[in-house]
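Take a look at the structure below.
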Protein chains: 2
Amino acid sequence: MKASVVTIEPNGLCKDCSIREFSVCASLDDAELREFEHLGRRVHFAACESVFSEEDFTTSFFNVLDGVMRLYKLLPDGRRQIVGFALPGDFLGMNVSGRHNFSADAIGPVTVCQFSKAPFGRFIEERPHLLRRINELAVRELSQARDHMVLLGRRSAEEKVATFLLGWRDRLTPLNGPSNIVPLPMSRQDIADYLGLTIETVSRTFTKLERDGVIEIIHGGISLLDAARAEALAAA
Amino acid sequence: MKASVVTIEPNGLCKDCSIREFSVCASLDDAELREFEHLGRRVHFAACESVFSEEDFTTSFFNVLDGVMRLYKLLPDGRRQIVGFALPGDFLGMNVSGRHNFSADAIGPVTVCQFSKAPFGRFIEERPHLLRRINELAVRELSQARDHMVLLGRRSAEEKVATFLLGWRDRLTPLNGPSNIVPLPMSRQDIADYLGLTIETVSRTFTKLERDGVIEIIHGGISLLDAARAEALAAA
DNA sequence: CTCCGAATTTGATCTGCGTCAACTGCCTTT
DNA sequence: AAAGGCAGTTGACGCAGATCAAATTCGGAG
């Protein structure tokens with residue numbers, strides 16, 4: 001939320017980029033990748049720094065390289081809905097109005113690959129396969145968005161939390177490998193604002209799931225003790 | 001929901017198509033349009049017929065020409081969340097898994113322009129500007145989806161209903177011209193499932209808004225008597 | 001016009017989750 | 001090691017909206 005003091009470092013090499021296969025760049029061949037390298041610059045954000053705000057004019061696209069961001073919208077009276085969390089490989093900045101339609105800030109330290117809008121736009125222009133890749137990511141996000149609508153509109157608090165924990169675990173799998181230790185870098189308030197609950201309800205639900213032997217609350221996350229039972233809660 | 005008995009008629013001419021400017025086709029020039037004509041066929045669906053179901057393999061794309069569809073997802077126990085309503089100009093069928101990720105059925109009679117997946121895919125392949133147009137529609141939908149998440153997660157029943165009525169009116173404006181008479185072709189149950197409420201709460205909220213002089217409930221819709229007050233409720 | 005069934009409205013009651021408030025434990029500062 | 005602060009947890013209570021139930025309206029069939 002505070003003013004942005006970022007560190008810009010020389011570009012790394014795309015071909016060494018650990019998240020390339022998950023990202024937009026997956027669609028580029030070696031020659032394109034070398035050209036692409038010059039378009040983006042690595043930028044670091046400290047914990048809780050704002051990366052962009054809703055209604056800001058879009059000047060850049062962002063490719064998350066490291067860290068986690070929260071993406072959210074605010075109502076005029078301050079109520080907040082987190083519309084998603086961005087992980088390494090996620091691509092941000094697509095819009096239709098020339099303005100961002102949500103705000104994004106760093107949870108913990110974040111590194112992004114930042115592309116100025118115009119040159120990036122020109123690069124896409126000549127590369128339909130990159131556009132196709134971007135479209136694929138948009139369509140995937142749309143599908144996730146619809147799943148989340150079901151969660152927000154029709155699920156109970158316990159179902160919401162169970163669904164969130166499983167979904168988060170699954171999103172981390174390609175990054176960290178499969179594990180039932182689920183790190184939760186975001187705060188309880190973030191989880192509440194993502195699930196359309198209050199912080200107290202999230203806390204109580206965590207406690208209940210722990211009492212029921214479904215999870216164990218550990219420092220900085222949870223351990224999924226009984227994934228099957230969690231799946232059952234999430235499916236119901 | 002019942003088995004589909006559809007009527008297929010000879011293709012109309014794209015250049016006479018009333019919704020062309022709103023639709024994917026807006027990106028095509030005259031020559032392309034003539035070629036495009038042969039790809040799609042007009043198909044009619046009767047009220048309440050299913051157009052496609054979640055988890056069906058995607059075999060076609062659809063361009064809505066006339067009528068309204070509800071797009072929804074079901075939980076295993078039957079709870080339903082409507083993720084959107086499709087109006088003339090909307091394009092359906094994009095996905096990443098080869099399967100639809102929601103179900104769609106006609107509210108009242110519907111006409112669509114149906115494209116078989118493979119030839120349509122080939123047509124796009126050679127026309128990046130069409131892909132760009134499709135991407136634009138996807139990004140716009142994504143933005144709407146996020147707005148709807150805020151509604152589902154953070155708004156009260158009254159705010160939900162007011163927001164819905166205004167949003168629906170605004171979506172109809174390009175089709176019917178501006179008017180404060182808002183036709184509501186969908187049932188109260190549909191509205192409830194769209195807003196994450198029960199039918200009783202929707203009904204009560206309509207009644208309350210009418211009592212407060214914000215709307216008048218008329219046959220097949222509502223009349224927006226005090227748009228300013230409705231805006232205030234929706235903004236809050 | 002009358003009857004039937006479905007959609008909607010209205011009423012009475014219940015409850016899941018929100019609100020308000022206090023407490024705990026951990027981390028940082030001095 | 002004491003003090004202060006913030007994130008998280010727990011408890012008591014209230015309320016918005018769900019649930020259950022009954023009326024009412026409406027549209028279509030005969």
Side-chain angles (χ1 to χ4, degrees), chain A residues 1-2 47-48 70 75 77-82 107-108 151-165 183-212 215-222 233 236, chain B residues 1-2 46-48 70 75 77-82 107-109 151-165 183-212 215-222 233 236:
Chain A
M1 282 305 200
K2 49 179 196 169
C48 293
R70 65 178 150 255
L75 290 175
D77 63 2
R79 281 174 287 177
R80 184 177 71 157
Q81 177 66 45
I82 291 186
I107 299 175
L151 178 144
L152 290 170
R154 288 298 179 220
R155 302 189 92 113
S156 70
E158 193 174 27
E159 289 169 353
K160 285 177 176 181
V161 170
T163 305
F164 165 68
L165 293 175
L184 296 174
M186 70 291 285
S187 69
R188 293 286 189 271
Q189 186 63 62
D190 288 339
I191 297 174
D193 287 345
Y194 183 57
L195 300 178
L197 298 170
T198 59
I199 186 174
E200 293 93 333
T201 299
V202 170
S203 182
R204 278 186 246 275
T205 307
F206 269 66
T207 306
K208 176 169 192 308
L209 289 175
E210 182 166 54
R211 221 174 25 237
D212 295 351
I215 64 171
E216 189 190 351
I217 300 170
I218 59 180
H219 182 74
I222 60 109
L233 285 172
Chain B
M1 283 305 201
K2 49 182 195 167
C48 293
R70 64 178 153 268
L75 290 175
D77 64 3
R79 280 174 288 176
R80 184 178 70 158
Q81 176 67 45
I82 291 187
I107 298 175
L151 179 143
L152 290 170
R154 288 298 178 219
R155 301 186 92 107
S156 70
E158 194 174 26
E159 290 169 352
K160 284 177 176 181
V161 170
T163 306
F164 165 68
L165 292 175
L184 296 173
M186 70 293 284
S187 70
R188 293 286 189 271
Q189 186 64 62
D190 288 339
I191 297 174
D193 287 346
Y194 182 57
L195 300 178
L197 298 170
T198 60
I199 185 173
E200 293 95 332
T201 298
V202 170
S203 183
R204 276 185 248 275
T205 306
F206 270 65
T207 306
K208 175 168 192 309
L209 290 175
E210 182 167 54
R211 220 172 28 234
D212 295 350
I215 64 171
E216 189 190 350
I217 300 170
I218 60 179
H219 181 74
I222 60 110
L233 285 171

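Below, chains carry the letters A, B, ... as their sequence lines are ordered, and counting in each starts from 1. Please read all numbers here as calculations on a predicted model, not as lab measurements.
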Rounded to whole angstroms, how far apart are [atom1] on [X] and [atom2] on [N]?
X	N	atom1	atom2	answer
B:Glu210	C:dT9	CD	P	9 Å
B:Arg154	C:dG18	CZ	C1'	10 Å
B:Leu209	C:dT8	CG	P	17 Å
A:Glu200	C:dA22	CD	P	14 Å
A:Arg204	C:dG16	CZ	P	13 Å
A:Ile217	C:dT24	CD1	P	18 Å
B:Lys208	C:dG11	NZ	C1'	18 Å
A:Arg79	C:dG18	CZ	C1'	13 Å

Restricting to non-hydrogen atoms, name the atom on [X] and the atom on [Y] that form the minimum distance, rounded to 0.1 Å.
X	Y	value
B:Ala157	B:Thr201	CB-CG2, 3.8 Å
A:Lys160	A:Leu151	CE-O, 3.3 Å
A:Met186	A:Ile107	CB-CD1, 3.7 Å

For B:Ser203 and for A:Gly196, locate the closest nucleotide of DNA chain C by heavy-atom distance; then report the residue assigned to the nucleotide nearer the 5' terminus.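 That would be B:Ser203.
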For B:Thr198, answer base if it contacts any base atom (sugar-phosphate contacts may also be present), sugar-phosphate if it contacts only those atoms, and nothing otherwise; contact means non-hydrogen atoms under 4.0 Å. base
How would you give the extent of chain B contacts on DNA chain D, as first and last nucleotide 5' to 3' within a 4.0 Å heavy-atom cut-off?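 Using the under 4.0 Å cut-off, the span is D:dG17 to D:dG27.
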Please round to the nearest 0.5 Å and tell me the distance separating atom CD1 of A:Ile217 and atom CG of A:Leu209. 8.0 Å
Could you state the interatomic distance from CD1 (A:Ile215) to CG (A:Leu165), rounded to the nearest 0.5 Å?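 A:Ile215 CD1 to A:Leu165 CG: 6.0 Å, rounded to 0.5 Å.
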Measure from the side-chain N and O atoms of A:Glu216 to the backbone N and O of A:Ile222, and report whether any donor-acceptor pair falls under 3.5 Å. no
Hey, which of B:Arg188, B:Arg79, B:Arg80 is the one that makes side-chain hydrogen bond (donor to acceptor under 3.5 Å, both in side chains) with B:Asp193?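 Among B:Arg188, B:Arg79, B:Arg80, the one that satisfies the side-chain hydrogen bond (donor to acceptor under 3.5 Å, both in side chains) with B:Asp193 is B:Arg80.
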Walking DNA chain D from its 5' end, the first of B:Ala157 and B:His219 to be reached, judged by nearest nucleotide, is B:Ala157
